[in-house]
There are 2 protein chains.
Amino acid sequence: MTTLLDVAKKANVSKMTVSRVINHPDKVTDELKKLVYEAMRELDYHPNVIAKALANRTTRIIKLCILEDIDTTEPYYMNLMIGIAKTLDLHQYSLQLVTRRNFDIGNCDGYIITGMRESDVSWIKDLKKPVVLFGENRYGLDYVDTNNKAATYLMSQLALEKGYDKLIYIGIDSKESFEYSREAGYLQQVQEKRMIPELHRFGNHSHMAEDFIDDNWDKIEKNTAFVCASDRLAMGIERGILRRGGKIPEDFGVTGFDGVFLNQVASPKITTIKQSIIEMGSACGENLLDKIQNGTSQGSLVFEPNVSLGGTLRN
Amino acid sequence: MTTLLDVAKKANVSKMTVSRVINHPDKVTDELKKLVYEAMRELDYHPNVIAKALANRTTRIIKLCILEDIDTTEPYYMNLMIGIAKTLDLHQYSLQLVTRRNFDIGNCDGYIITGMRESDVSWIKDLKKPVVLFGENRYGLDYVDTNNKAATYLMSQLALEKGYDKLIYIGIDSKESFEYSREAGYLQQVQEKRMIPELHRFGNHSHMAEDFIDDNWDKIEKNTAFVCASDRLAMGIERGILRRGGKIPEDFGVTGFDGVFLNQVASPKITTIKQSIIEMGSACGENLLDKIQNGTSQGSLVFEPNVSLGGTLRN
DNA sequence: TTGATTGATGTTAACGGTAACAGTTTAGTT
DNA sequence: AACTAAACTGTTACCGTTAACATCAATCAA
């Protein structure tokens, strides 16, 4: 391994000059810089991240804290990690995956936290290192997320444009911020059109939505579209309708949220909100590194929703 | 942050003694050890991993190299990473996710490599740090994998026990070692029973298997079981049979391989080989750390297969 | 008694960087 | 020419830990 000193000797300068060429190039004359760059190239010099970290009193570790149970059948976290890792690698930071259990073990320079509940807010606010959340919150913590409200607003609008004349919202029975936002998007659209909102909430399991359709089939009018808060619920609704002989998309519309894997095995495919989790993960990483390196906060980062057209809305 | 020196002062010994208490406790008297432990506890001392790494000339970084394209809809890699991360965290190592592109960036203490092709063997053998592969190979490189041959052998046996009297193998059209092993397991079972083997190979896509059934439906006898090299292929076979009005499991049997997510949405569920990727990932990590820390090789680690019963075999 | 051996502990010098300060050169001013 | 400020470069000490060596006391054989 070649070190600063090797480069310094080769270029006939001091270690410090080499260090400066790397970290504060404006403070070194072009002449010396050229010599140093040349020496670096010839010796194939790569800075030792560990030594750097020791001298700077940093760890170069970012902890990704997944606070909810990891449902490994969903590619969600995988994509998130890929996105984060991509950015961190680029900046020579490394990613440490932690959960509630091993959260405290070892030092780090910053945190990316996902799956936060209300009860976590206080300890998260007490953390001494920069934090970015993945998933919206209403406690003033910086986050990265899809614009949930805009997404359901958009979906509801789309369904109305396609001519469905009733909109029913199928939500997730949870107190989390993203769910409130999704409901709000639906509500706003419906109220702007002077329609009467109808909301139902279930645990995020398809069979619950399916049973709901089954139990209430005679009360459900034709030409209704179901705006669902997740693809799972949307699939349940779809199956329920098909089981009862309903026609999708002719007589009933269904829309989902997430664009992850379930979408791929439904038939017809769900028209849904596609989130680029990888991209959002990268953004998370960049946001956090910015905080760490410059001390500046970019604030929250909200991604505008994309509709992925399947076959559960007309046209 | 409390350091070795703080502990040393508190315990009235030298830094070195404290260091020894941590790394070579047998070389310190019990009396001093007690003092040191007490000081550590009182000061809540945690070793600085960075400084340790610098002094030891190590990086505490393990690279996980995923050489094939990451299909993020499969929980496979997620589980693998979770398993590896679990072990590494325990030993204060951190995991760096790399691909072909950024493989060389930054130093590390060892590699876990998955998705290796034949053309990769030479550079992998040239790596100067310990390596463990995830997935079997025939080039003498240590690996962790399911016993692929035993798995298809077992599945074939199971199908025969259930009374199917013809076994057709549906394999993946690839030259990778695991595929050969899976074929070999089927062949061995069939040959032991003095049956005539029949193998077909396709790309790992369900529609290919589905089309195969469709195209050859009149040639397929009742009471045949299809031993498939993946759940995807098994699902295709299942769909093909159902499309043609065949009865599963009464007249036709189907078995898969992997036990990952697709299995959960098929109907009836595929009887398949379940791999605990998380556990295997942990084993990978432990195997590698062993090599790094003790220089000893545990050799390859082969997991015996588990059958996950679905509804695609009788009984 | 003495010298050699053993075992426990301390001292020193790294590991590869960086910040803070000290020293040198250069150019500008009077 | 002498003085000063600015711009650049070098020196030193330290980040927290460990290996190698030095030291010292206790034990033991001759």
Side-chain angles (χ1 to χ4, degrees), chain A residues 1-40 43-61 91-94 106-109 292-293 295, chain B residues 1-40 43-61 91-94 106-109 292-293 295:
Chain A
M1 257 210 75
T2 63
T3 70
L4 265 192
L5 192 60
D6 300 327
V7 176
K9 279 182 191 154
K10 182 124 197 159
N12 276 316
V13 295
S14 71
K15 283 204 299 180
M16 205 50 223
T17 301
V18 180
S19 172
R20 267 193 281 258
V21 168
I22 297 169
N23 300 300
H24 311 284
D26 51 308
K27 302 200 164 172
V28 181
T29 52
D30 290 348
E31 193 185 3
L32 280 192
K33 254 189 289 196
K34 210 183 123 211
L35 279 175
V36 170
Y37 281 133
E38 212 160 292
M40 288 206 245
L43 297 174
D44 189 31
Y45 170 73
H46 292 277
N48 180 319
V49 184
I50 296 278
K52 216 168 192 162
L54 182 62
N56 288 328
R57 266 140 285 207
T58 66
T59 63
R60 299 234 141 210
I61 290 174
H91 295 81
Q92 303 248 49
Y93 275 73
S94 72
N107 231 308
C108 70
D109 291 350
I292 293 172
Q293 289 167 351
Chain B
M1 257 211 75
T2 63
T3 71
L4 266 192
L5 192 60
D6 299 328
V7 176
K9 279 181 191 156
K10 180 125 197 159
N12 275 317
V13 296
S14 71
K15 285 200 299 180
M16 206 49 224
T17 301
V18 181
S19 172
R20 267 194 281 260
V21 168
I22 297 170
N23 301 300
H24 311 284
D26 50 309
K27 302 203 163 171
V28 181
T29 52
D30 289 347
E31 194 185 3
L32 281 191
K33 253 189 289 196
K34 211 183 120 210
L35 280 176
V36 170
Y37 281 133
E38 213 158 293
M40 287 205 247
L43 298 174
D44 189 31
Y45 170 73
H46 291 279
N48 180 319
V49 184
I50 296 277
K52 217 169 191 162
L54 182 61
N56 287 328
R57 266 140 284 208
T58 66
T59 63
R60 299 233 142 213
I61 291 174
H91 295 82
Q92 303 248 48
Y93 275 74
S94 72
N107 232 308
C108 71
D109 292 350
I292 292 171
Q293 288 167 352

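Every chain is numbered from 1, with letters handed out A, B, ... down the list of sequences. Heavy atoms only: backbone and side chains are in, while hydrogens, waters and symmetry mates are out.
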Considering just the side-chain nitrogens and oxygens of [X], establish if one lies under 4.0 Å of OP1 or OP2 belonging to [N].
| X | N | answer |
| --- | --- | --- |
| A:Thr29 | D:dA7 | no |
| A:Thr3 | C:dC15 | no |
| B:Ser19 | D:dT18 | yes |
| B:Asn23 | D:dT18 | yes |
| A:His24 | C:dT18 | no |

- So, do B:Val28 and B:Thr17 sit near enough that their side-chain heavy atoms are less than 4.5 Å apart? yes
Using atom [atom1] of [X] as one end and atom [atom2] of [N] as the other, report the distance to the nearest whole Å.
| X | N | atom1 | atom2 | answer |
| --- | --- | --- | --- | --- |
| B:Leu4 | C:dG10 | CG | P | 13 Å |
| A:Lys33 | D:dC8 | NZ | C1' | 12 Å |
| B:Met1 | D:dT17 | CE | C1' | 11 Å |
| B:Arg60 | D:dG16 | CZ | P | 17 Å |
| B:Lys27 | D:dA20 | NZ | P | 10 Å |
| A:Leu54 | C:dC15 | CG | P | 14 Å |
| B:Lys9 | D:dG16 | NZ | C1' | 13 Å |
| B:Arg57 | D:dG16 | CZ | C1' | 14 Å |

- Item | Upstream residue (5' side of DNA chain C) when B:Asp26 and A:Thr2 are each assigned their closest nucleotide | B:Asp26
- Message: Nearest heavy atom decides the nucleotide; on that basis, is B:Glu31 or A:Tyr45 closer to the 5' end of DNA chain C?
- Response: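 Residue closer to the 5' terminus by nearest nucleotide: B:Glu31.
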- Spacing of NZ belonging to A:Lys10 relative to OG1 belonging to A:Thr2, to within rounding of 0.5 Å: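 So the NZ of A:Lys10 and the OG1 of A:Thr2 are separated by 10.5 Å.
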- Query: Which is true for B:Leu32 with a 4.0 Å heavy-atom rule: it touches a base, it touches only sugar-phosphate, or it touches nothing?
  - Reply: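 Sugar-phosphate contact only.
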- Message: Using a heavy-atom cut-off of 4.0 Å across all strands, would you classify A:Thr17 as base, sugar-phosphate, or nothing?
- Response: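 Sugar-phosphate, backbone atoms only, no base.
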- Hey, which sits more toward the 5' end of DNA chain D by its nearest nucleotide, B:Arg20 or B:Ala51? B:Ala51
- Let me know which of A:Ile61, A:Thr58, A:Asp109 forms a side chain to side chain contact (heavy atoms under 4.5 Å, CB included) with A:Tyr93. A:Asp109
- Answer yes or no: is there a donor N or O on one side and an acceptor on the other, between the side chain of B:Lys27 and the main chain of B:Arg20, under 3.5 Å? no
- Considering only NZ, NE, NH1 and NH2 on the basic side and carboxylate oxygens on the acidic side, decide whether A:Lys9 and A:Asp6 come within less than 4.0 Å. no
- Item | Check: D:dT17 base within 3.5 Å donor-acceptor of B:Lys15 side chain |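 Answer yes: a donor N or O sits under 3.5 Å from an acceptor.
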